[in-house]
Amino acid sequence: MFDKAVSRRDFVTFAAAATVGPRFVLRNLYGQRPIVGSGDHTYEVHHDWLQAPNGLAYGDTHGLALDSQGRIYVAHTVNGSSQKSDAVVVFDQDGKFVKSWGAEFRGGAHGLDLRKEGNEEFLYHCDTNRRLVVKTTLNGHVVWSKGVPMESGVYKDASGWCPTNVAFAPGGDLFVGDGYGSSYIHRYGSDGSYKGIVAKPGSGMGQVSCPHGLWVDHRSGAPELAVADRANRRIQYLSLDGNHLRYVKDGIRLPCHMHYHANGDLLVPDLDSVVTILDKNNNLVAHLGDGAPSNLRGATRDKFIPGKFIHPHASIWINSRDIVVAEWVPIGRLTLLRKV
């Protein structure tokens, strides 16, 4: 485990530029960075803003979370060549490395969500390698771990189950999306007790296909379960009991997850090479860094195009203005979108 804070040099240096190829150097050697968006949604792009500490090499950068102190948590699968195995890396608001832990999540660190419970904050991990939902403290101590919910009656064994993200209901319960397994959504208690099925697989109203990301949306005044219904290419709203409410399709391609801003905006990382912002009424207001169609998932960094996304997998507001984006690429990429 890494636990010693280290300083990260400013990203615009000859050394950092040299690691990401000539096109980056041409754009950024003198402080010029790509700009994406327009109007109130204009951002300066800082690729590779959160850099792994020495000895640790990013794999697919999957999950992001933010605690009450402004610390940023990154879940990644760990590159096969990495000397270290820590799959959760923590940074401060300035992008400086704080600590890392979670070697047991190597190869499977996927969804990462945070909730305050009483006076303490907890992380909820979806491990796609071990097929587990795991609740930990912010330092990685395991509170509980749950595998395939055989009590649901819909699984023959663990091979049909692979959780991707969770969402939090009022009162302490949580929803789990079986996004990479059999496309059910389940409900659990905060202690990990199983409570039942909320949504079943399919393409019709109230049905989901690859429910990759979940979020409980309070913007209407009543809590509603928003589902990144990825294989159906939509966001679907359900009641907390699983009844269909409505779809959001405009501007949505392959949604991975969601994050809400205090002003009502909705941030949607979209695997189809774009980060989308919807307003409080879920109308499209911005497509940021649209790189579609992209064939660069397995490319080396010198082939990445500045200002263009490859496969956004998670994105969060880290303050009232700025956004961090994690991408599903085998060598990882964490981009800061700094509002201008």
Side-chain angles (χ1 to χ4, degrees), residues 1-21 24-25 28 33 45-67 69-112 114 123 125-129 136 138-140 269 296-304 306 309-316 318 322-338:
M1 177 183 290
F2 290 90
D3 58 8
K4 184 179 179 180
V6 298
S7 296
R8 185 182 65 85
R9 295 181 186 275
D10 185 83
F11 191 55
V12 187
T13 64
F14 285 92
T19 66
V20 292
F24 176 84
V25 175
N28 293 289
R33 298 183 184 275
V45 180
H46 298 243
H47 291 306
D48 296 294
W49 183 61
L50 300 178
Q51 297 185 11
N54 290 336
L56 183 63
Y58 285 137
D60 286 303
T61 40
H62 275 150
L64 294 168
L66 186 75
D67 71 14
Q69 303 301 309
R71 289 172 296 207
I72 304 161
Y73 296 75
V74 177
H76 72 112
T77 56
V78 186
N79 193 285
S81 64
S82 183
Q83 299 172 13
K84 303 292 184 179
S85 294
D86 290 353
V88 179
V89 190
V90 187
F91 299 87
D92 68 14
Q93 277 277 304
D94 295 322
K96 294 180 180 178
F97 170 71
V98 176
K99 60 184 175 181
S100 63
W101 45 268
E104 66 270 30
F105 294 105
R106 180 170 185 159
H110 190 271
L112 188 66
L114 183 146
L123 290 166
H125 311 253
C126 286
D127 184 333
T128 57
N129 182 39
T136 73
L138 298 188
N139 291 317
L296 297 176
R297 169 166 160 74
T300 54
R301 257 184 173 70
D302 62 298
K303 299 295 192 299
F304 291 0
F309 288 117
I310 300 169
H311 297 303
H313 192 273
S315 57
I316 58 172
I318 60 168
D322 305 326
I323 297 167
V324 171
V325 181
E327 291 190 76
W328 179 64
V329 291
I331 54 176
R333 183 162 70 161
L334 292 153
T335 297
L336 173 69
L337 298 178
R338 177 167 287 150

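Between Phe309 and Val45 there is no side-chain heavy-atom pair separated by less than 4.5 Å. Contact annotation: the side chain of Asn139 approaches that of Lys99 to within less than 4.5 Å [non-hydrogen atoms, C-beta and beyond]. Counting heavy atoms from C-beta outward, Pro53 and Lys84 have side chains that stay 4.5 Å or more apart. Looking at Val90 and Trp101, their side chains come closer than 4.5 Å, going by heavy atoms from C-beta outward. Counting only heavy atoms from C-beta outward, the side chains of Glu104 and Asn129 never approach each other to under 4.5 Å. Two residues are said to be in side-chain contact when any heavy atoms from C-beta on lie closer than 4.5 Å; Arg33 and Leu336 fail this criterion.
Residues meeting the ring-ring contact (aromatic ring centres under 6.0 Å, His included) test with Phe105, sequence neighbours left out: His125. Partners of Ala326 by side chain to side chain contact (heavy atoms under 4.5 Å, CB included), not counting sequence neighbours, listed by chain and number: Thr61, Leu64, Ala314, Leu334. Every residue two or more places apart in sequence or in another chain was checked for a salt bridge (Lys or Arg N to Asp or Glu O under 4.0 Å) with Arg338, and none qualifies. Scanning for salt bridge (Lys or Arg N to Asp or Glu O under 4.0 Å) contacts around Asp67 gives Arg71, with sequence neighbours left out. Tyr73 pairs by the ring-ring contact (aromatic ring centres under 6.0 Å, His included) definition with nothing, not counting sequence neighbours. Annotation: side chain to side chain contact (heavy atoms under 4.5 Å, CB included) contacts of Thr128 (sequence neighbours excluded): His110, Cys162, Tyr180. Remark: Ala75 pairs with Ala109, Leu112 by the side chain to side chain contact (heavy atoms under 4.5 Å, CB included) rule, at least two apart or across chains. Judged as a side chain to side chain contact (heavy atoms under 4.5 Å, CB included), and not counting sequence neighbours, the contacts of Ser315 are Leu267, Pro269, Val275, Ile323, Val325.
A distance of 6.0 Å separates CG in Asp86 from CG in Leu56, rounded to the nearest 0.5 Å. Interatomic distance, Ile318 CD1 to Leu66 CG, rounded to the nearest 0.5 Å: 7.5 Å. To the nearest 0.5 Å, the span separating CZ on Arg106 from NE2 on His76 amounts to 8.5 Å.
His311 and Arg297 form no side-chain donor-acceptor contact under 3.5 Å, judged by distance and modelled atom types alone.
The two atoms that bring Tyr58 and Phe91 nearest to each other are OH-CZ, 3.3 Å, heavy atoms only. Shortest non-hydrogen contact noted between Ser81 and Ala57 is OG-CB, 4.5 Å. Annotation for Leu114 and Ala65: closest pair CB-CB, 4.1 Å, computed over non-hydrogen atoms. Annotation for Ser100 and Val89: closest pair CB-CA, 4.1 Å, computed over non-hydrogen atoms.
Residue pairs meeting the salt bridge (charged side-chain N to carboxylate O under 4.0 Å, His left out) criterion with at least one member in residues 322-331, sequence neighbours excluded: Glu327-Arg333.
Looking only at distances, a side-chain donor or acceptor of Asp92 sits under 3.5 Å from a matching main-chain atom of Asp94. In terms of modelled atom types and a separation under 3.5 Å, the side chain of Asp60 and the main chain of His62 share no donor-acceptor contact.
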Would you please test Phe304 and Asp48 for side chain to side chain contact (heavy atoms under 4.5 Å, CB included) and show each step?
-> CA-CA 11 Å; Phe304 291 0; Asp48 296 294; 5.8 Å; no
